[in-house]
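Below is one structure, written out as structure tokens, with a few remarks after it.
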Amino acid sequence: MSNIVTIPEEAAGQNLLHYLRGKGIGLPAACGGRGVCGKCRVRLLSGELSLKPDPDGSILACQAFCTENGAVISVPDSDGTGLTDFASRASQSDSADLSGIARLGAALDIGTTTLAMALVDLDSGKVLRTVSALNPQRSYGADVMTRITSAKQGDLQNLQDVLLKSVRALLLQLTEGLAGDTSPELLIATGNTTMLHLFLGISPEGMGQYPFTPAFTDIQTRTGAELDLPIGKVLTMPCASAFIGADIVGGALVSGFGETDDTPRLLLDIGTNGEMILSANGKLYAASTAAGPALEGANISCGVGGIPGAVDHVSLAMRDGRQTVTYTTIGGKEPIGLCGCGLIDLCALLLLTGELDMTGRLASPYTIPGTPVTLDQADIRQVQLAKSAVAAGILALTDSAETTPDAISQVKIAGGLGFYLNTQSAFAIGLLPPDLGRNIESIGNSALHSACVCLTDPAKLESARQIASACKVIELNLSPVFNEAFIDNMLFGNEEDEE
Ligand code: FES
């Protein structure tokens, strides 16, 4: 689906991406407007822009300027790939009768890619409704670093504004149909450290360069009025450092990592930054590894987020006596691209069939039969960087805790990727070290869950704060183990996994 937008003559001289943002049309812009990701493509239908379109009529909005001749362009729908459907699907998933509920709270998880919000009955602790939407800030860049750069270059207020606008819309969706004027009295927000800075309109600039200093890590309190939100009080969950955010701290909270336990347990949240907390020897060790956005579908030519139509599983099956590639898509829709789980599956499959070798050389670009989804050599290199960063991070973290991956008795994987991840494929491509304990559990959106828990139990918020301050943060860029393991793990899989 696409929208037709008329660019008036008065817009002459404005960058097209910025013009569209100003009109509330959020295009994906994974590279932050540097002209390298190709995600901001629009189609010129008539008129003129400062650049000539490609032969197929498309043009990168971030590189084009409006002209005094005006133009008519076609823009992919609001999320570039079907947000509306995704958001409404989520909101309808658990509607509930809200009559008779006196005190309401809201939990908000500000993901770099996705926003999720839950309405909670403060008396019973029950989650009544959930809604989600893509983070509108993605038109300023896919990852935290490009958002920090945007904020530094003068877009801090805009980044906060677009986010708060979406939060207001989500609140409206959550409270639709409530009797009287009952509205949530408390909102607890969580997310990575940069997202919480942007939510509060505080500059994240200090986290853009060494020594990566956040303006705050502890719980922050605001009134709803200060953020122009229709809510009494707003709290943010505590973070441990610039790159160990409240999201993973919350995951550790609901995983019981704060309790004294000598059994090594690992919590992983694999996104643009692979965040991890290891509980071992009665201590907590944390690290964040720059995995890059490949495993979230960005920086991959056919990559998309976890949205309807995203290929989420690929496998081999026997059909009519022949080995055939089969796939599934989110929502059972027509395939439009690969999300992180589909990407991991497809790489594992290509390794199995020999079309991808251990060094990462792809015999030729591969198209999933019957789909427009094609993986090329440059995509494979992005996967190698991402999976190596995660595996090396786990190895460096266990080394710092003087333990080994095989001693880890329980692995919990948080986030959307964890939910759909085929762990066999993750081991096959070497995203997870081969000797890591195989007791692996997906815990879904543990960040949102932790905010829900804290809404009704203030003692839990204090426990989260204790976890955040107890985390010994390992600087992977200074770790020789990480650097060595990163190079070693660039190869795909190992002989064991080839069986
Ligand atoms: S190519 Fe335009 S935002 Fe990346």
Side-chain angles (χ1 to χ4, degrees), residues 28 30-32 34-39 112-113 141-149 192 212 243 268-276 287-305 337-351 355-362 365-366 374-397 413 415-418 421 425-434 436 474-494 497:
C31 68
R34 284 181 289 119
V36 294
C37 70
K39 300 285 181 193
T112 312
T113 309
D143 54 61
V144 292
M145 274 305 168
T146 39
R147 305 259 174 101
I148 291 172
T149 304
N192 65 50
F212 307 110
F243 300 115
L268 285 175
D269 189 345
I270 306 169
T272 306
N273 273 329
E275 295 176 341
M276 42 191 87
S288 172
T289 177
L295 300 178
E296 292 197 325
N299 283 5
I300 296 292
S301 58
C302 59
V304 292
L338 277 173
C339 67
C341 294
L343 181 64
I344 292 166
D345 263 4
L346 184 55
C347 289
L349 183 141
L350 294 174
L351 279 169
E355 279 156 280
L356 179 63
D357 75 15
M358 300 292 266
T359 66
R361 200 179 61 81
L362 189 62
Y366 178 84
T374 300
L375 201 61
D376 64 24
Q377 186 64 67
D379 298 331
I380 296 290
R381 296 299 177 214
Q382 294 295 328
V383 174
Q384 283 180 284
L385 290 169
K387 67 104 182 176
S388 183
V390 172
I394 295 171
L395 294 169
L397 199 61
I413 304 187
L417 187 73
L421 183 70
S425 296
F427 279 111
I429 70 163
L431 175 69
L432 301 175
L436 185 68
I474 310 299
E475 306 262 5
L476 295 180
N477 55 331
L478 304 178
S479 160
V481 174
F482 175 80
N483 291 327
E484 201 176 312
F486 181 73
I487 294 166
D488 290 349
N489 283 275
M490 283 293 284
L491 294 180
F492 270 112
N494 57 43
D497 294 321

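Counting from 1, the numbers follow the sequence of the chain as shown. Predicted model, so just to flag it, every value in this text is computed and none were measured.
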Query - Pair E275-F243, side-chain contact (heavy atoms from CB on, under 4.5 Å): steps then yes or no - result: CA-CA 8 Å; E275 295 176 341; F243 300 115; 5.5 Å; no

Nearest-0.5 Å distance, [atom1] of residue [X] to [atom2] of residue [Y]:
| X | Y | atom1 | atom2 | value |
| --- | --- | --- | --- | --- |
| L356 | I380 | CG | CD1 | 4.5 Å |
| N192 | D143 | CG | CG | 10.5 Å |
| I300 | L346 | CD1 | CG | 10.5 Å |
| L362 | D357 | CG | CG | 9.0 Å |
| S288 | M276 | OG | CE | 8.0 Å |
| F492 | L350 | CZ | CG | 9.0 Å |

Looking only at heavy atoms, what is the nearest atom pair of [X] and [Y], with distance?
| X | Y | result |
| --- | --- | --- |
| A396 | V481 | CA-CG1, 3.9 Å |
| A287 | L397 | CB-CD1, 3.8 Å |
| A428 | L351 | O-CD1, 3.8 Å |
| S388 | A485 | OG-O, 4.2 Å |
| A392 | F486 | CB-N, 3.5 Å |
| L295 | A386 | CG-CB, 3.9 Å |

Query raised in the report: Would you find more than 12 non-hydrogen atoms of other residues, nucleotides or ligands less than 6.0 Å from E355 atom CD?
Result: yes

Looking at [X] and [Y], would you say the former's side chain and the latter's main chain have a donor-acceptor pair under 3.5 Å?
| X | Y | answer |
| --- | --- | --- |
| D379 | S301 | yes |
| T289 | A389 | yes |
| K387 | N489 | yes |

Side-chain contact, heavy-atom cut-off 4.5 Å: [X] with [Y]?
| X | Y | answer |
| --- | --- | --- |
| L268 | L432 | yes |
| C347 | L375 | yes |
| D488 | L395 | no |

Requested in this report: Output, in order, the C-alpha distance, side-chain angles, deciding distance and verdict of side-chain contact (heavy atoms from CB on, under 4.5 Å) for C302 and T374.
Outcome: CA-CA 6 Å; C302 59; T374 300; 5.7 Å; no

Query - Non-neighbouring partners of R381 that pass salt bridge (charged side-chain N to carboxylate O under 4.0 Å, His left out), sequence neighbours left out - result: none

Report task. For D376, enumerate each residue passing the salt bridge (charged side-chain N to carboxylate O under 4.0 Å, His left out) test, keeping only those at least two apart in sequence or located in another chain. Result -> none

